[in-house]
Chemist: 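A single structure is presented below for examination.
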Amino acid sequence: MCGIVGYLGQRDASKVLIEGLARLEYRGYDSAGVAVLNGEGLKLRRSVGRLKNLADSLKQAPLHGNMGIGHTRWATHGVPAEKNAHPHPSEDGKVAVIHNGIVENYREIKAELVAAGVKFASDTDTECIAHLVAHYYKGDLLQAAHKAVCRLHGAWALVIAHADHPDLLVVARRGSPLLIGLGEGENFVASDVTPLLPYTRRVIYIDEGQLGTISRKEAHVYDAQLREVPVKVETTTLTLDAAEKGGFEHFMLKEIHEQPVAVEATVRGRVKDGRVDLSELNLDASRVKAMRRIQLIACGTSLYSAMVGKYLLERFTSLPTEAWSASEYRYANPIIDAQTLVVAISQSGETADTLEALRLAKSKGALAVSICNVMGSSIPRMCEGTLYTRAGPEIGVASTKAYTAQLTAFELLALGLGRMLGCDIAADEARLVAGLNALPAQIKKLLEGDIVAVKRCAKRYQGVANFMYIGRHYNFPTALEGALKLKEISYIHAEGYAGGEMKHGPLALVEGTFPTIAIAPRGHTREKMLSNIQEIKARKGVVVVVATEGDAEAHELADYIIEIPACEEELSPILAVVPLQLLAYYTANQLGRDVDKPRNLAKSVTVE
Ligand code: G6P
């Protein structure tokens, strides 16, 4: 977690840093700070709370200078407080450090430094890095940073400034993302590309274990032994527009409306002559044929897409498939060998638990691929191949378009692998390819048509304290995802359950005011779902039914009906989740919640 920006050039550094941090606030937002170098040395300003507090403080008392570093924090060690906000200075104030990650051995380093007489000013793990750099500094900042980094265990993206080096920032990366942006007579460093977009599209991704230096004119990259390595300059195709709200009240709403485009982009170019083409994964066909099992590893919303993926993969590849929460996988002794295909699913490509689970699988010889939304992020870099979801930057903390794009990618992956494995999928492929091509227009129609029904529903139930979501088979994960959306942004308690499990406990909760959202589109479990709905109605529960349009029986049973267009059963999770995203959005918005930045959460969870 945490967002990092650094700037060296002729512009007002504070302004560049604040604007850059605003684009990174999704990475954490409990405090923020900058250090700017001017004639009086490195000047720090830090504020608790949203970035606005820091921006206001800088407006009242500006810090002038054209070199600086900035940070937006999501606390891991030490409560959100001014003293714990970054940058962290050395005792003499000459060194300033910003950090994203965790120094696992900071206690040991701190004890050593304290014994040597260093006084710590914060409760963070990061502060020890500033003191270490100061301790090793003998005139060469890169050398000192390298020595300090060699002492660290854990994960870091680091930017280090020194008051005696007005034309130098030193960077280092392990386990947390970091990239350099190349301008004309100015250079940048950031956690992701969005802060750089107003200035440049030319970027250098810092790799695992690397360090780097930037001045106004140059950038150099070094390996872990401090040997210079050639820089690889890439040109990003992202536009600034894509990273901004585009007229919607919130990023989340904008991203919900971007789903037709996200799904279409994810399919584009991957179906040739009616067949799914996964050649971009560069998988060796004989290696794939040797696979005996598939393991899917992911967290949060990505895990729910993996649960749908499990059903699809088993259906079309006939290989036993498990969907694992990455944080469980790592400690549960999963059976992994060279005949295991591991698929990591991640919007950000940076989630620490998913990364570590992937590392474990690779260390045991598994063939690793990923479904990911962020090019050049850590997870795809570790994999043999990646099916990118092409949803564009997702800024709202609650994932929406990345989820439907992941589901789309799973349809392609399951069919493509099925074909590689010689399974008889031709008829299903023809059916689902046609269905996938129809989806963007169907989602669009759904977004235009059902908003009124969803808004009415959100208004009616916003005062309710508990919600139940139920679904079966492909739409059991939809129930989990619908419940997650509601609880994470509205703070209303919601539970997702398999429809058939209601009578084993949750039915006891049902009474007059208790609403259940039942996901019951056409398919082989619809009738069973209708029975579950009957059971709830018989106990005077309130039921909102998500059903296929024209389903008269569902209509009759429902207190509220939300209709989705008719589609292939395997594709129904992609359509059914859309009204649930909107229901969560409107409920949270009516309750005045901070929809894009729910309390206690962050988008990119780069700590375990
Ligand atoms: C956080 C986000 C979720 C996301 C999860 C996994 O909890 O708030 O929206 O689903 O991380 O993130 P990933 O980037 O790996 O998909």
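Just follow the structure's listing: the first ligand is 1, and inside any ligand the first atom is 1.
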Chemist: I need the nearest protein heavy-atom contact for atom 12 (O) of ligand 1: residue, atom name and distance, please.
Modeler: Thr351 OG1, 3.2 Å
Chemist: Please identify which of these residues, Thr587, Thr400, Thr301, meets the side-chain hydrogen bond (donor to acceptor under 3.5 Å, both in side chains) condition with Lys485.
Modeler: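 The side-chain hydrogen bond (donor to acceptor under 3.5 Å, both in side chains) with Lys485 is passed solely by Thr301 among Thr587, Thr400, Thr301.
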Chemist: Should you measure from each heavy atom of Ser399, which atoms of ligand 1 turn up under 4.0 Å away?
Modeler: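 The list of qualifying atoms is 9 (O).
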Chemist: Please report whether the ring centroid of His493 lies less than 6.0 Å from that of Phe467.
Modeler: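 Between Phe467 and His493, the centre distance exceeds or equals 6.0 Å.
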Chemist: Considering non-hydrogen atoms of the protein only, which is the closest contact for atom 10 (O) of ligand 1, and what is the distance?
Modeler: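 Residue, atom and distance for the closest contact: Thr301 N, 3.0 Å.
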Chemist: Could you pull out the closest heavy-atom pair between Pro334 and Tyr329, with the gap in Å?
Modeler: CD-O, 3.0 Å
Chemist: With the threshold set at 4.0 Å, does a side-chain nitrogen-carboxylate oxygen contact exist between Glu208 and Arg381?
Modeler: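 No, Glu208 and Arg381 are not salt-bridged.
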Chemist: How close does the nearest protein non-hydrogen atom get to atom 9 (O) of ligand 1, and which residue and atom is it?
Modeler: Val397 O, 3.1 Å
Chemist: Given Gly349, Ala344, Ser348, Pro598, which one has a non-hydrogen atom that is nearest to atom 14 (O) of ligand 1?
Modeler: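 Result: the heavy atom closest to atom 14 (O) of ligand 1 is in Ser348.
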Chemist: Nearest protein heavy-atom contact for atom 2 (C) of ligand 1: which residue, which atom, what distance?
Modeler: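 Looking at atom 2 (C) of ligand 1, the protein heavy atom closest to it is Lys603 O, 3.5 Å.
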Chemist: Please confirm whether Glu488 comes within less than 3.5 Å of ligand 1 when only nitrogen or oxygen atoms on both sides are compared.
Modeler: no
Chemist: Could you tell me whether His153 and Tyr106 have their ring centroids closer than 6.0 angstrom?
Modeler: no
Chemist: For atom 7 (O) of ligand 1, what's the nearest protein heavy atom and its distance?
Modeler: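 Checking every protein heavy atom, the shortest distance to atom 7 (O) of ligand 1 gives Val605 CG2, 3.9 Å.
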Chemist: Numbering the atoms of ligand 1 from 1, which are under 4.0 Å from a heavy atom of Ser302?
Modeler: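 Those of ligand 1 that fall under 4.0 Å from Ser302 are 10 (O), 13 (P), 16 (O).
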Chemist: Do NZ/NE/NH1/NH2 and the carboxylate oxygens of Arg23 and Glu19 come within less than 4.0 Å?
Modeler: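 Salt bridge between Arg23 and Glu19, a charged N being under 4.0 Å from a carboxylate O: no.
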Chemist: Just to check, does Ala602 reach to within less than 4.0 Å of ligand 1 when the distance is taken from its heavy atoms?
Modeler: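 So Ala602 counts as touching ligand 1.
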Chemist: Would you mind telling me which of Glu255, Glu258, Glu394, Glu264 makes a salt bridge (Lys or Arg N to Asp or Glu O under 4.0 Å) with Lys401?
Modeler: Glu258
Chemist: Report, in ascending order of atom number, the atoms of ligand 1 lying under 4.0 Å from any heavy atom of Gln347.
Modeler: 13 (P), 14 (O), 15 (O), 16 (O)
Chemist: Please list the nearest protein heavy atom to atom 5 (C) of ligand 1 with its residue and the distance rounded to 0.1 Å.
Modeler: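 Result: Cys299 O, 4.0 Å.
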Chemist: Could you list which atoms of ligand 1 come closer than 4.0 Å to a heavy atom of Ser346?
Modeler: 13 (P), 14 (O), 15 (O), 16 (O)
Chemist: Can you check side-chain contact (heavy atoms from CB on, under 4.5 Å) on Val374 and Glu350, steps first, answer last?
Modeler: CA-CA 9 Å; Val374 180; Glu350 302 292 349; 5.9 Å; no
Chemist: Ion pair present between Lys310 and Glu314, side-chain N to carboxylate O less than 4.0 angstrom?
Modeler: yes
